[in-house]
2 protein chains.
Amino acid sequence: MKCSLTQKQLEIHEREKRILAVSRPMLAEQGYHGLNMDRIAEKLQQSKGTIYNHFACKEEIIIALAIETMEKRIDLFQRAAMFRGNSRERFQAIGFAAELFVKLYPHHFGVEQIIRSASIWDKTSEKRRSVVKLCEHRCIGIVVGVVLDAISQGDLELPCGYKPEDLVFGVWAQTSGAYSIIATNDSLHELGISEPFSVVRQSVNRQLDGFGWKPLSKDLDLDAVIKRIEKEVFADECR
Amino acid sequence: MKCSLTQKQLEIHEREKRILAVSRPMLAEQGYHGLNMDRIAEKLQQSKGTIYNHFACKEEIIIALAIETMEKRIDLFQRAAMFRGNSRERFQAIGFAAELFVKLYPHHFGVEQIIRSASIWDKTSEKRRSVVKLCEHRCIGIVVGVVLDAISQGDLELPCGYKPEDLVFGVWAQTSGAYSIIATNDSLHELGISEPFSVVRQSVNRQLDGFGWKPLSKDLDLDAVIKRIEKEVFADECR
DNA sequence: CCCGATTATTGACGAAGCGTCAAGAAAATA
DNA sequence: TATTTTCTTGACGCTTCGTCAATAATCGGG
């Protein structure tokens, strides 16, 4: 009967989620080597072969985790982009989301780094790789959307030959670079960098000011905007 | 006799360099998994035990390679910082060096990423880790030095509460983030980012302009400065 | 409800690769 | 030359990945 078919398929689908749920902390705590196929099987009380029915190799699990991660970020970004305010404030909201994301879920951010290692990326399936690309595209698309709105609303005029994607790339590089350094460098304080997150926020705003994206940060009460973003968009996450 | 003693020690020292020389392409081409202790031994016609006399584990080889890499970069940065020009031009020279480095030796850049994986970093010795820290410190120190010169020469005034290290961190994050994205993301073009290196240069300059570091980029003939840097500092590397 | 066909599960197994260590070789020292 | 120290070797143990033939469960038609 149909119900039975669905029953089994549901069980399989359910299991896939459990595999990922069990894998994530292993990967988060010990990195690539902490993820152990035998231990996953053991924890789920299933044989290894069954795990391999879901994921062709260890790296497929990692990239699947990364996809979950990227979807989570996209969700935050989408909500941020819908913040009610002018274009610059909406961009600010996305920046806030990015920082929130890395602070709330540092291991998620870590997973995104891990799949970029050549020795891991190369073993993943084309199928999941294209999902990653799509996620990336969607994520950038959200930010580009805000930039385009800014342009069409007359808040921003890009220099000749400069595309919205270029501006986004600059900010993307800045933030992801900073978060990556923060996450992997335990001696930042010794290097004289005591408030890296604050520095990133300032650098980004200075860059946007440099592009003349109005209202300039000197004309904005940034703290008040942040407060509003916290309250209106990320009330659940900020407590 | 003394000569013989030196002889043997020289041989050992020589071998250590050969181990690294053989390891680098393996790591560059296939990443972490491409580096294979048995194959290293085989290529050097030496037993595995001997390799392990030099390096306690695979990860130690990787971090040793990373140290070589960092020293190479320090060399480029030092030369760049000595460029004869105003403070902003000297900073420009360092930026040029960073870009040159990642373009000339992309695999070197990759090694620096690899050691930052938790699962690798954790297996390295405290001794080499502190060397890495030192290299980082020296590298940042060079750049901070130029910023300090700019301040003392009256070219730059940092906002209240902003340290030279903070400015350097911002640029460091921007460039390393960008290079990392460029290296690991094969579909940048599809995302609408066609000239990422050019975007980075512009973003950084816009940031420095934002800090009011004189002379501002609009008052500088950047192309001419680059030409001079190429000719006067990196003639050997640029051909 | 039963029975062949299909699909899913299992865990022993092979392969690869890391790191060890006792035995033996080479070098240093006396 | 004899003895001690240091260096080298490669077989071995161990872990972990991924496979696959055998087995079990599910499905679908009669």
Side-chain angles (χ1 to χ4, degrees), chain A residues 1-19 22-23 26-27 29-65 114 117 119-125 128, chain B residues 1-19 22-23 26-27 29-65 114 117 119-125 128:
Chain A
M1 49 184 94
K2 254 237 175 106
C3 172
S4 167
L5 170 94
T6 310
Q7 188 65 21
K8 182 71 187 171
Q9 292 190 328
L10 222 120
E11 183 195 325
I12 289 178
H13 191 255
E14 213 41 49
R15 187 167 48 216
E16 188 147 321
K17 287 202 288 186
R18 284 199 308 157
I19 294 174
V22 160
S23 300
M26 293 171 79
L27 191 64
E29 276 157 39
Q30 310 249 23
Y32 179 79
H33 288 111
L35 189 65
N36 179 309
M37 301 303 273
D38 291 73
R39 258 176 62 208
I40 294 171
E42 197 189 340
K43 283 202 185 188
L44 293 179
Q45 316 237 57
Q46 305 262 214
S47 84
K48 212 164 29 147
T50 301
I51 311 294
Y52 277 96
N53 257 7
H54 291 268
F55 300 97
C57 63
K58 202 174 150 171
E59 285 74 15
E60 280 287 287
I61 294 185
I62 300 178
I63 196 172
L65 287 171
I114 292 173
S117 309
S119 63
I120 291 168
W121 184 256
D122 291 348
K123 292 194 189 169
T124 58
S125 65
R128 284 209 168 82
Chain B
M1 50 184 97
K2 239 197 187 145
C3 172
S4 168
L5 169 95
T6 310
Q7 189 65 21
K8 183 68 185 172
Q9 292 189 329
L10 222 123
E11 182 194 326
I12 289 177
H13 191 255
E14 212 43 48
R15 186 166 51 212
E16 189 147 320
K17 288 202 288 185
R18 285 199 311 159
I19 293 173
V22 161
S23 300
M26 295 170 80
L27 191 64
E29 275 156 40
Q30 309 248 26
Y32 179 78
H33 288 110
L35 189 64
N36 180 310
M37 300 304 273
D38 292 73
R39 260 175 61 209
I40 293 171
E42 198 188 340
K43 282 202 185 189
L44 292 179
Q45 316 238 57
Q46 219 72 93
S47 84
K48 210 163 29 145
T50 300
I51 312 295
Y52 277 95
N53 258 7
H54 291 267
F55 299 97
C57 63
K58 202 176 150 170
E59 285 74 14
E60 280 287 286
I61 294 184
I62 300 178
I63 197 173
L65 287 171
I114 291 173
S117 309
S119 62
I120 291 167
W121 184 256
D122 291 349
K123 292 195 190 166
T124 56
S125 65
R128 282 208 169 84

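Just so we're on the same page: letters track the sequence lines, and every chain starts at 1. Just so it is clear, the values below take in all heavy atoms, side chains as well, and ignore hydrogens, waters and symmetry mates.
- In this structure, B/Glu11 atom CD and C/dA25 atom C1' are separated by 13 Å, rounded to whole Å.
- The separation between A/Asn53 atom CG and D/dT19 atom P is 11 Å, rounded to whole Å.
- Here C/dA8 presents its P atom at 14 Å from CD1 of A/Ile19, a figure rounded to the nearest Å.
- Going from atom CD1 of A/Ile12 over to atom C1' of C/dA8 covers 7 Å, rounded to whole Å.
- Here the side chain of A/Ser47 is nearest to one of D/dC7, C/dT10, D/dT9, namely C/dT10.
- Between the A/Thr50 side chain and the A/Gln46 main chain, no donor and acceptor come within less than 3.5 Å of each other.
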Base versus backbone protein contacts along nucleotides 15-21 of chain C [heavy-atom cut-off under 4.0 Å; B, S, -]:
--SBBB-
Could you walk me through whether A/Tyr52 and A/Glu60 pass side chain to side chain donor-acceptor pair (under 3.5 Å), step by step?
CA-CA 10 Å; A/Tyr52 277 96; A/Glu60 280 287 287; over 6 Å; no
Which atom pairs, one a donor and one an acceptor, fall under 3.5 Å between side chains of residues 35-42 of chain A and the rest of the protein, sequence neighbours left out?
residue, atom, partner, partner atom, Å
A/Asn36, OD1, A/Asp38, N, 2.8
A/Asn36, OD1, A/Arg39, N, 3.0

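- An OP1 or OP2 oxygen of C/dA8 is reached within less than 4.0 angstrom by no side-chain nitrogen or oxygen of A/Arg15.
- Within the structure, every side-chain polar atom (N or O) of B/Gln46 is placed at least 4.0 Å from both OP1 and OP2 of D/dT8.
- The CG-P distance, from A/Leu44 to C/dG11, rounds to 14 Å in whole Å.
- Atom CD1 of A/Ile51 and atom P of C/dA8 are 15 Å apart (whole Å).
- Atom NE2 of B/His33 has more than 12 neighbouring heavy atoms from other residues, nucleotides or ligands inside a 6.0 Å radius.
- Here the C1' atom of nucleotide D/dG18 and the CD atom of A/Glu60 are 14 Å apart, to the nearest Å.
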